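Keep in mind that what you see is a predicted model, and the values were worked out from it rather than measured.
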Amino acid sequence: MPQTPQYTPKPANSVQITQILSTIPHQLVQGDRSSAISGVRQDSRQLTPGDLFVAMPGFTVDGHRYLESAIANGAAALVVQDDRRQFWQPIADAHPQLTVVSVDDTRAALPEIAAAFHDYPAQKLSVVGVTGTDGKTTTTYLTRAMLSAAGHQTGLLNGVEFHIGGQWSRNETGETTPEADIIQATLAEMVAAGDTHVVIEVSSHALELHRADQINTRVAVFTGLSDDHLDFHRTRDQYLAAKLKLFESLDDHPGGRAVVGAEDEQRPTITGAHNRPTTIVTATPDTVADVSVIAGSRDARGSDVRIVTPAGALGARLPIPGDYNLGNAALAAGAAWSLGVGPVPMQAALNHLRPIPGRMESIDEGQPFTVIVDAAATGPALDLALQTLKPHVTGRLILIFGVAGERDPIRKSSMATAAATYADHTVITNENPRSEDPVEMVDEIAAHLVEAGGESFDKQPDRREAISRAIALAQPEDLVLIAGKGAEPSLIYADRIEPWDDREVARELLNDLPTAHLSQ
């Protein structure tokens, strides 16, 4: 199994096991209920002496197979799943002094245990949860910026970064939404650091696998739904049902509120999934909505916009391009409005927006052509990104992209179709192939590209070489789009995980360009 780097939460005070198990059905197999623990972990590699280890069955790895490792690392107690008794009973017998607790479902128990251990930190924060197929990460950044501009000390937990008490750190878990023990520990750190609000990117996997339990969502934002992750959810209806869990949870919060686009086809479903109010937003002129972000002039760097709320309207500059980012800004404004933020902080947030890592991020090392890194990793997302940039390119639009392995197979054909439709030249490469064969994946994508009418392309499985090839081809007035990974910090193969950053690789290669190329 590849060794995924994990975010390590700061230690908390010790808590008696009886306190953290009081809210869930459980059986004490052996040991002392009054035993104290100093942390909660589901990864045996991250255990420190005194921690409680929750053994969870996974899709490729079962935590019950790492009980001995957890004990060797100092586990003070084990929470195990009753139907995995064949794994844990012999180990419990071999360690009679160890506290062992059995539950029906350790995955469902983990967020309950972790939240109790950290004294339910989400209940001390105003939580905005953002879910949907595309646009989640950008919307979380925009929402945090607006809440912060209104004077709220606001944390962030998304697939790229954490923001805790004013400090940024990279999310190195490899997950859009980390496991529940990490979420609860991170929220506890935010509370301790004085944060009053937090914006969380909530994936469908997290909702289905209980990671997002116990986050006490006050405002739930829906960015839209397209056919993706059907390898996991099997059907579009099941995929939507996972997303709806976030909105159904609003009924548990007295101040709960949903945010959805006026034109979203799932709007009736979203508003019907709960009994709380819904803020309707739009980026389309002449559409009735509670909050609007309407574009004026547009260019490859962004849009001049007008923010319209019931409290007034103001102009601003959204420094990221694309109509879909207008929609993301409208959703963020709707979330901020739902928490009492008016148009003045919204304007300030957009005008002074911190660059969003790997989201239409321009890489400028003095080269005579444009290089942009974007996280578009699905067919609809890549289609939108290319549509957005194409009108602003006076030369050629050169695209580098791959398709993540172990994901919905439709990504290969849909992304290839987008490339064939809009790119003048494509370099097909890899993006987290995981267990799939990197060369075969590139060949399969190329076949889809040809089928969709694409003619000008290269195949280069090595991602660094692919980016190098595209940069070498670029001439003045060209635009190079490096798509798929954004600010992801690694490349994932079947047998290893390599450190990686498209942005840094692009900078290195641009700085290595011959002087003659730079002066063209």
Side-chain angles (χ1 to χ4, degrees), residues 4-5 7 128 130 132 134-149 154-178 186 198-203 223 300-302 317-322 324-325 328-329 331-332 349-365 370-378 381-382 384-385 388-389 400-402 404 431-432 463-464 467 479-492 497-511:
T4 303
Y7 169 75
V128 179
V130 180
D134 296 313
K136 297 187 297 296
T137 303
T138 298
T139 302
T140 62
Y141 277 109
L142 291 167
T143 304
R144 194 209 71 85
M146 291 178 183
L147 293 173
S148 296
T154 305
L156 177 70
L157 197 163
N158 67 23
V160 179
E161 292 182 294
F162 299 161
H163 186 265
I164 305 170
Q167 299 296 315
W168 293 95
S169 62
R170 194 162 193 167
N171 176 357
E172 295 183 341
T173 68
E175 302 288 353
T176 299
T177 310
T186 304
V198 60
V199 186
I200 304 176
E201 182 175 5
V202 185
S203 69
T223 68
R301 301 279 182 172
R317 174 69 178 176
L318 176 64
I320 44 177
Y324 58 96
N325 280 320
N328 293 335
L331 290 166
L350 296 188
N351 284 341
H352 304 288
L353 187 67
R354 174 181 179 264
I356 298 178
R359 267 63 184 174
M360 284 294 181
E361 184 175 356
S362 180
I363 309 297
D364 189 353
E365 297 296 321
T370 301
V371 176
I372 290 177
V373 171
D374 190 67
T378 65
L382 184 60
L384 282 171
T388 294
L389 296 172
I400 306 107
F401 87 101
E431 180 219 320
N432 295 341
R463 194 169 179 91
R464 177 181 286 272
I467 296 172
L479 186 149
V480 176
L481 174 63
I482 306 170
K485 293 186 65 62
E488 287 183 16
S490 60
L491 272 172
I492 305 173
I497 294 178
E498 296 180 357
W500 184 265
D501 190 320
D502 275 351
R503 302 167 303 164
E504 293 306 314
V505 170
R507 290 188 181 100
E508 291 170 12
L509 293 171
L510 288 169
N511 281 312

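- Distance CD/E431 to CD1/I482: 12.5 Å, rounded to 0.5 Å.
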Kindly indicate, with the supporting measurements, whether the criterion side chain to side chain contact (heavy atoms under 4.5 Å, CB included) is fulfilled by L479 and L389.
CA-CA 8 Å; L479 186 149; L389 296 172; 3.9 Å; yes
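- Taking each heavy atom of A385 and L481 in turn, the nearest pair found is CB-CD2, 4.4 Å.
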Between I320 and T138, is a side chain to side chain contact (heavy atoms under 4.5 Å, CB included) present by the stated rule, with each step listed?
CA-CA 10 Å; I320 44 177; T138 298; 3.8 Å; yes
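- A salt bridge links E361 with R503: at least one charged nitrogen is closer than 4.0 Å to a carboxylate oxygen.
- Ion pair R170/E488 not flagged as a salt bridge, since none of the NZ, NE, NH1 or NH2 atoms sits closer than 4.0 Å to an Asp/Glu carboxylate oxygen.
- Looking only at side-chain heavy atoms (C-beta outward), F162 and P178 come within less than 4.5 Å of each other.
- What you find for M360 and N325 is that their closest heavy atoms are CG-ND2, 4.4 Å.
- Distance check, rounded to the nearest 0.5 Å: CZ of R317 to NE2 of H352 gives 14.0 Å.
- Proximity of L157 to I164: side-chain heavy atoms (C-beta onward) are nowhere separated by under 4.5 Å.
- For the side chain to side chain contact (heavy atoms under 4.5 Å, CB included) test with V480, the passing option among I400, T370, I467 is I400; the others fail.
- I363 places a side-chain heavy atom less than 4.5 Å from the side chain of L510.
- In terms of modelled atom types and a separation under 3.5 Å, the side chain of S490 and the main chain of I497 share no donor-acceptor contact.
- When each of M146, H163, R144 is tested with V199 by the rule side chain to side chain contact (heavy atoms under 4.5 Å, CB included), just one qualifies, namely R144.
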Report the C-alpha distance between T378 and L382 in whole Å, list the side-chain angles of each, state the deciding distance to 0.1 Å, and finish with yes or no for side chain to side chain contact (heavy atoms under 4.5 Å, CB included).
CA-CA 6 Å; T378 65; L382 184 60; over 6 Å; no
Test side-chain hydrogen bond (donor to acceptor under 3.5 Å, both in side chains) applied to N158 and T137, step by step:
CA-CA 6 Å; N158 67 23; T137 303; 5.3 Å; no
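- T139 OG1 to R359 CZ: the interatomic distance, rounded to the nearest 0.5 Å, is 10.5 Å.
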Is there a side chain to side chain contact (heavy atoms under 4.5 Å, CB included) between L156 and T140 once you walk through the steps?
CA-CA 7 Å; L156 177 70; T140 62; 3.7 Å; yes
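- Considering every non-hydrogen atom in both L350 and P319, the closest pair reads O-CD, 3.4 Å.
- The nearest pair of heavy atoms linking R463 to G402 is NH1-N, 4.3 Å.
- Taking CG of D374 as the reference point, atom OG1 of T388 lies at 9.0 Å (rounded to 0.5 Å).
- Note that the OG1 atom of T177 and the CD atom of E201 stand 6.0 Å from one another [nearest 0.5 Å].
- Put simply, the side chain of D502 never gets that close to the backbone of V373: no donor and acceptor are under 3.5 Å apart.
- Donor-acceptor pairing under 3.5 Å is recorded for the side chains of K485 and N432.
- In plain terms, the two heavy atoms of V160 and A487 that are nearest each other are CG1-CB, 3.8 Å.
- Taking both residues in full, the closest heavy atoms of T223 and L331 are given as CA-CD1, 3.7 Å, listed atom of the first, atom of the second, then distance.
- When only modelled atom types and interatomic distance are considered, S362 and D364 share no side-chain donor-acceptor pair under 3.5 Å.
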